[in-house]
Amino acid sequence: ASRLVPWEGSRSSTSGDYLVCITDPRPKSTELRTALKRLSGALTADTLKKCLVINSDTPGENRRFLKKSFGGEDTNNIRILCDEKLDWMREYTALGEKRYSITMFVLREGRVEKLAREVEAELLPQIVQNAIKSLN
């Protein structure tokens, strides 16, 4: 049984279509917030639109972070979904017994194409860029 990503159905699934998921189960993760600022500076707007962040913060917390960190206009390029109960992260093995860190997935055609666990904030932009390059 293939796992479906709930938001993937709205896009046509051409072979070049991919989604970069960045997850962090820690509430108000300073490391994730640092990583998002670095990512925003390092990636093009088109690449950022293919990125999706999933964290355990509330929607209000995420809005405050985006507004405070990026003002108004950049917030459209960084999409954050909430997984307060960590169900999605557990399902996609972003959580381990002792693993509470940033995980990056590249999803394409309904499956995990690339996976990097325990990613450090400073390395996230490079890891995302390398993963995207390797898809082509």
Side-chain angles (χ1 to χ4, degrees):
S2 70
R3 283 182 257 176
L4 287 179
V5 183
W7 54 86
E8 210 177 31
S10 60
R11 289 192 200 90
S12 63
S13 61
T14 59
S15 63
D17 220 8
Y18 62 88
L19 184 65
V20 176
C21 284
I22 298 153
T23 67
D24 192 331
R26 298 168 292 187
K28 297 183 187 177
S29 169
T30 310
E31 195 176 357
L32 179 66
R33 292 174 177 199
T34 301
L36 292 182
K37 289 175 188 171
R38 288 175 183 267
L39 209 58
S40 173
L43 301 181
T44 65
D46 282 348
T47 305
L48 277 175
K49 284 179 184 151
K50 291 186 177 279
C51 293
L52 180 66
V53 177
I54 301 173
N55 68 13
S56 61
D57 296 336
T58 64
E61 188 60 48
N62 285 327
R63 274 193 302 277
R64 282 189 292 280
F65 161 69
L66 288 171
K67 189 170 184 184
K68 186 176 150 202
S69 302
F70 301 105
E73 61 193 76
D74 282 345
T75 56
N76 298 335
N77 290 333
I78 294 185
R79 295 179 298 163
I80 301 181
L81 295 181
C82 304
D83 184 15
E84 292 175 67
K85 293 187 173 119
L86 308 178
D87 294 335
W88 193 90
M89 286 185 236
R90 222 172 262 113
E91 179 76 14
Y92 274 79
T93 67
L95 274 182
E97 298 260 328
K98 298 178 179 136
R99 185 173 52 244
Y100 269 75
S101 57
I102 297 174
T103 302
M104 187 234 31
F105 300 90
V106 178
L107 303 172
R108 183 161 66 170
E109 294 174 16
R111 56 179 236 264
V112 176
E113 193 88 7
K114 296 277 172 199
L115 172 65
R117 290 194 167 107
E118 298 181 31
V119 176
E120 293 174 30
E122 300 75 44
L123 302 177
L124 184 65
Q126 194 61 51
I127 288 173
V128 169
Q129 287 168 328
N130 290 348
I132 291 169
K133 274 184 202 146
S134 74
L135 293 176
N136 300 332

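Worth knowing before you read on, the calculation uses all heavy atoms, side chains too, and leaves out hydrogens, waters and symmetry mates.
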According to side-chain hydrogen bond (donor to acceptor under 3.5 Å, both in side chains), who are the partners of [X], at least two apart in sequence or on a separate chain?
X: R38; result: none
X: E84; result: none
X: T47; result: T44
X: D83; result: none

Exercise. With sequence neighbours excluded, what pairs up with D46 under the salt bridge (Lys or Arg N to Asp or Glu O under 4.0 Å) test?
Worked result: none
Problem set entry | Pairing residues for K28 by the salt bridge (Lys or Arg N to Asp or Glu O under 4.0 Å) criterion, not counting sequence neighbours | E61
What distance separates [X] [atom1] from [Y] [atom2], expressed to the nearest 0.5 Å?
X: N130; Y: L123; atom1: CG; atom2: CG; answer: 10.0 Å
X: C21; Y: W88; atom1: SG; atom2: CH2; answer: 4.0 Å
X: K50; Y: N77; atom1: NZ; atom2: CG; answer: 13.0 Å

For this session: Measure from the side-chain N and O atoms of R79 to the backbone N and O of K49, and report whether any donor-acceptor pair falls under 3.5 Å.
Result: yes
For this session: Report yes or no: does S69 contribute a side-chain atom to a donor-acceptor pair with the main-chain N or O of F65 at less than 3.5 Å?
Result: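 A pair under 3.5 Å: yes.
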Exercise. So which pairs with a foot in residues 18-27 pass salt bridge (charged side-chain N to carboxylate O under 4.0 Å, His left out), sequence neighbours left out?
Worked result: D24-R26, R26-E31
Seminar exercise, completed: Contacts satisfying salt bridge (charged side-chain N to carboxylate O under 4.0 Å, His left out) that involve residues 120-136 (not counting sequence neighbours) are none
For this session: Start with the C-alpha gap between V112 and V106, add the side-chain angles, then the distance that decides, and say whether side-chain contact (heavy atoms from CB on, under 4.5 Å) holds.
Result: CA-CA 6 Å; V112 176; V106 178; over 6 Å; no
Is the shortest heavy-atom distance from the side chain of [X] to the side chain of [Y] under 4.5 Å?
X: L36; Y: I80; value: yes
X: L52; Y: V20; value: no
X: L43; Y: C51; value: yes
X: P59; Y: R63; value: yes

Minimum heavy-atom distance [X]-[Y], with the two atoms named:
X: M104; Y: A131; result: CE-CB, 4.0 Å
X: N62; Y: C82; result: ND2-SG, 3.3 Å
X: P125; Y: A42; result: CB-CB, 3.6 Å

Exercise. Out of I102, V119, L32, I54, which residue meets the side-chain contact (heavy atoms from CB on, under 4.5 Å) rule with T23?
Worked result: I54
Exercise. Does the pair L39 and I22 meet the rule for a side-chain contact (heavy atoms from CB on, under 4.5 Å), with working shown?
Worked result: CA-CA 11 Å; L39 209 58; I22 298 153; 3.4 Å; yes
For this session: Apply side-chain contact (heavy atoms from CB on, under 4.5 Å) to L107 and Y18, showing your working.
Result: CA-CA 6 Å; L107 303 172; Y18 62 88; over 6 Å; no
Problem set entry | K114 NZ/CZ over F105 ring centroid, <6.0 Å and within 45° of normal | no
Problem set entry | Intermediate values then yes/no, side-chain contact (heavy atoms from CB on, under 4.5 Å), E113 and L135 | CA-CA 8 Å; E113 193 88 7; L135 293 176; 3.4 Å; yes
